[in-house]
**Student:** 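Can you read through this structure? Questions will come right after.
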Amino acid sequence: MAPLNQHFRILNTDPESAARCALLSTPHGQVLTPAFMPVGTQGTVKSLTPDTVKALGAEMILCNTYHLYLRPGHQLIASLGGLHSFMNWGGPILTDSGGFQVYSLGKLRKITPEGAIFQSHIDGSRHRLTPELAIEIQEALGSDIMMCLDECTPYPATFSEAEASLSLTLSWAERSRKARADSSPQALYGIVQGGMYPDLRKRAVEAIAAMNFDGCALGGVSVGEPKALMEQIVAETTPLLPADRPHYLMGVGTPEDIVKAVDCGIDLFDCVMPTRCARHGLLFTNTEKVVIKNARYRKDNGPLDSECDCYTCRNFSRAYLRHLYVAGEILAMTLNTLHNIRYYMRLMEQIRDAIGCGQYAAFKSRFLKDRQRVET
RNA sequence: GGAGGGGUUCCCGAGCGGUCAAAGGGAGCAGACUGUAAAUCUGUCGGCUCAGCCUACGGAGGUUCGAACCCUCCCCCCUCCA
């Protein structure tokens with residue numbers, strides 16, 4: 001394991017909650033947390049250049065082991081100098097292990113104790129993804145943070161299903177730990193599963209903590225369960241996590257989800273929401289839910305979000321953005337994604353500022369109240 | 001001038017005696033999206049006082065219990081021949 005004090009250093013903690021600011025150090029630079037990682041599954045944050053992603057304030061992005069393994073292949077990427085060089089992203093990269101694909105590609109996959117057997121969604125060919133192979137791929141890619149292969153427990157799951165799934169994830173975690181090269185500069189995070197059962201979550205945290213990973217992730221959340229249940233699981237599980245390691249809530253979430261989870265001590269987030277929703281025409285602002293294709297914006301000459309400092313908001317009207325979207329123009333995706341990512345980045349900046357000055361509770365309640373107004 | 005083919009709900013386009021407010025696209029309108037099989041998917045899509053009624057398949061008549069579908073005339077459009 002990389003020495004902990006070098007990977008994660010807490011800068012300050014909020015007096016009234018578990019929220020904290022920290023500095024995450026990786027071979028490709030540092031990341032201030034709480035941080036949101038834009039998702040770049042296939043080695044690209046869809047529709048944006050890496051320059052733009054960086055300029056928007058993103059310090060670390062997420063890429064996907066399974067997808068890059070299938071296409072173009074990790075060995076090819078390694079032979080071309082690694083993922084950073086291949087995609088021209090100089091900052092830190094976290095690679096998801098493919099565990100989520102074990103879940104999302106459910107119909108194309110079979111799970112055995114050894115690993116997951118996938119049928120490629122691209123050409124139907126069969127592949128066996130084991131914890132060891134997931135590490136090998138991530139080492140070939142050269143990501144800064146690797147994730148253990150896990151089984152993302154579906155919802156709903158009975159206790160015994162969740163328990164069986166958890167023990168598989170834990171055994172895979174142990175194998176991942178052993179598979180990783182001793183001298184590796186790449187961090188490795190374990191993943192806490194356990195479904196919606198607090199007892200299993202507790203057991204998972206204890207086991208993962210005992211394996212001494214560089215960071216602890218909470219997985220298997222926002223898989224279709226009621227929102228209140230997710231919040232409950234996060235609230236009950238986070239206090240059990242080792243305080244001196246980064247806490248990563250995988251696949252979450254909406255701005256509200258993030259603000260609430262930071263309160264529980266989560267440091268890292270990733271989610272397709274800002275990028276996917278942007279491509280589908282849903283744009284985030286603090287004052288209004290903007291579905292840019294709606295007819296009401298046809299003649300709206302105002303900026304998308306007057307509070308936002310992004311290129312889209314500074315230069316284009318809602319009427320133009322609607323036109324681009326409705327016309328199916330490729331620029332719509334770029335401008336929309338650019339804004340949504342900037343919205344998330346500004347949110348994280350505000351979160352870190354609020355923690356920095358010990359005002360997180362006030363920030364949180366004000367933010368949630370504002371968002372409630374937006375939704376209604 | 002002659003010979004064919006055709007006019008269907010916003011558009012394209014099926015239907016060719018009843019089960020037709022009329023397939024299927026498109027456009028329009030709205031919704032969903034949480035470790036990306038997603039520039040995707042879903043709903044809606046004549047009107048109303050909405051388990052019913054009204055208005056609709058170029059126009060006018062006719063046949064029939066019943067017509068978008070059959071017959072007659074008229075009006076347009078397209079192709080070929082002169």
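Remember, predicted model here, so these are calculated numbers, not experimental data. Naming: A, B, ... by sequence-line order, numbering from 1 per chain.
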**Student:** Less than 4.0 angstrom between a side-chain N/O of A:Asn64 and OP1 or OP2 of B:rU36, yes or no?
**Tutor:**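 For A:Asn64, the contact criterion (side-chain N or O under 4.0 Å from OP1 or OP2 of B:rU36) is met.
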**Student:** Give one of base, sugar-phosphate or nothing for A:Val102, where a contact means two heavy atoms less than 4.0 Å apart.
**Tutor:**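 Nothing, no nucleic acid heavy atom in range.
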**Student:** To the nearest Å, give me how far apart CZ (A:Arg298) and C1' (B:rG28) are.
**Tutor:**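 In whole Å, B:rG28 C1' lies 12 Å from A:Arg298 CZ.
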**Student:** Expressed as a whole number of angstroms, how long is the span from A:Lys227:NZ to B:rA32:C1'?
**Tutor:**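 It works out to 13 Å between those atoms.
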**Student:** A:Leu218 has an atom CG; how far is it from atom P of B:rU34, in whole Å?
**Tutor:**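 The distance from CG of A:Leu218 to P of B:rU34 comes to 18 Å, rounded to the nearest Å.
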**Student:** Whole-Å distance between B:rU34 C1' and A:Ile233 CD1?
**Tutor:**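 Interatomic distance, CD1 of A:Ile233 to C1' of B:rU34: 16 Å.
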**Student:** For B:rU42, give the paired nucleotide (Watson-Crick: N1-N3 plus N6-O4 or O6-N4; G-U: N1-O2 and O6-N3; both under 3.5 Å), or none.
**Tutor:**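 Checking every strand shown, B:rU42 finds its partner in B:rA30, with both distances under 3.5 Å.
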**Student:** Roughly how many Å is it from CG in A:Asp270 to P in B:rG35, rounded to a whole number?
**Tutor:**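 The distance from CG of A:Asp270 to P of B:rG35 comes to 6 Å, rounded to the nearest Å.
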**Student:** Look up atom OG in A:Ser176 and atom OH in A:Tyr189, then write down how far apart they are to the nearest 0.5 Å.
**Tutor:**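 Output value for this atom pair is 15.5 Å.
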**Student:** Contact class for A:Ser120 (heavy atom, under 4.0 Å): base, sugar-phosphate, or nothing?
**Tutor:**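 No contact.
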**Student:** Paired with B:rC65 by Watson-Crick or G-U wobble geometry, both distances under 3.5 Å: which nucleotide is it?
**Tutor:**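 Pairing partner, where one exists within any strand: B:rG18.
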**Student:** For B:rC29 and A:Arg322 - does any side-chain N or O of the residue sit under 4.0 Å from the phosphate oxygens OP1/OP2?
**Tutor:**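 Checking B:rC29 against A:Arg322, a side-chain N or O does come within under 4.0 Å of OP1 or OP2.
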**Student:** Starting the side chain at C-beta, find the nucleotide from B:rA32, B:rG35, B:rA37 nearest to A:Val272.
**Tutor:**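 Comparing B:rA32, B:rG35, B:rA37 against the side chain of A:Val272, the answer is B:rG35.
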**Student:** Given atom CG of A:Asp96 and atom C1' of B:rG35, what is their separation to the nearest angstrom?
**Tutor:**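 After rounding, the gap between these two atoms is 4 Å.
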**Student:** For B:rU34, take OP1 and OP2 only and decide whether either is under 4.0 Å from a side-chain N or O of A:Ser222.
**Tutor:**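 Checking B:rU34 against A:Ser222, no side-chain N or O comes under 4.0 Å of OP1 or OP2.
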**Student:** How about CG on A:Asn301, more than 12 heavy atoms from neighbouring residues, nucleotides or ligands closer than 6.0 Å, or not?
**Tutor:**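 Not more than 12 within 6.0 Å, no.
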**Student:** Which sits closer to the 5' end of RNA chain B, A:Val45 or A:Asn294, going by the nucleotide each is nearest to?
**Tutor:**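 Taking each residue's closest nucleotide, the earlier one in sequence belongs to A:Asn294.
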**Student:** State which of B:rG31, B:rU34, B:rU36 makes the closest approach to the side chain of A:Phe100.
**Tutor:**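 Given the options B:rG31, B:rU34, B:rU36, the side chain of A:Phe100 is closest to B:rU36.
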**Student:** Quote, to the nearest angstrom, the C1' distance that separates B:rA23 from B:rC57.
**Tutor:**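 These two C1' atoms come out 15 Å apart once rounded.
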**Student:** Between B:rA32, B:rU36, B:rG35, which one does the side chain of A:Cys152 approach most closely?
**Tutor:**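 Of the options given, the side chain of A:Cys152 lies nearest B:rG35.
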**Student:** Could you let me know what B:rA3 is paired to, Watson-Crick or G-U wobble, both distances under 3.5 Å, or none if it's on its own?
**Tutor:**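 Its partner is B:rU79 (Watson-Crick or G-U wobble, both distances under 3.5 Å).
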**Student:** Which residues satisfy the salt bridge (Lys or Arg N to Asp or Glu O under 4.0 Å) test with A:Glu132, sequence neighbours excluded?
**Tutor:**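 Salt bridge (Lys or Arg N to Asp or Glu O under 4.0 Å) list for A:Glu132, sorted by chain: A:Arg175.
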**Student:** Between B:rG17 and B:rC10, how far apart are the two C1' atoms, rounded to whole Å?
**Tutor:**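 Here B:rG17 and B:rC10 have their C1' atoms 29 Å from each other.
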**Student:** When the C1' atoms of B:rA56 and B:rG15 are considered, how many whole Å apart are they?
**Tutor:**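 The same atom, C1', in both gives a distance of 16 Å.
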**Student:** Over how many whole Å does the gap from A:Phe284 atom CZ to B:rA32 atom C1' extend?
**Tutor:**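 Whole-Å distance recorded here is 12 Å.
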**Student:** Taking only side-chain nitrogens and oxygens of A:Gln101, does any of them come within less than 4.0 Å of OP1 or OP2 of B:rU36?
**Tutor:**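 Result: yes.
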**Student:** Write down the protein N/O and nucleotide N/O pairs, taken from nucleotides 39-47 of chain B, whose separation is under 3.5 Å; answer none if there are no such pairs.
**Tutor:**
from: B:rA39; atom 1: OP2; to: A:Arg279; atom 2: NH1; distance (Å): 2.6

**Student:** Can you tell me if the side-chain N/O atoms of A:Ser104 get under 4.0 Å from OP1 or OP2 in B:rA37?
**Tutor:**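 Yes, such a contact exists.
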**Student:** Rounding to an integer number of Å, can you tell me how far A:Tyr189 OH sits from B:rG35 P?
**Tutor:**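 For the pair A:Tyr189 OH and B:rG35 P, the rounded distance is 18 Å.
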**Student:** Scan every strand shown for a Watson-Crick or G-U wobble partner of B:rG24, both distances under 3.5 Å, and answer none if you come up empty.
**Tutor:**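 Pairing partner: B:rC12.
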**Student:** Find the partner of B:rG35: check Watson-Crick (N1-N3 plus N6-O4 or O6-N4) and G-U wobble (N1-O2, O6-N3) distances, both under 3.5 Å, and reply none if neither fits.
**Tutor:**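 Base partner found: none.
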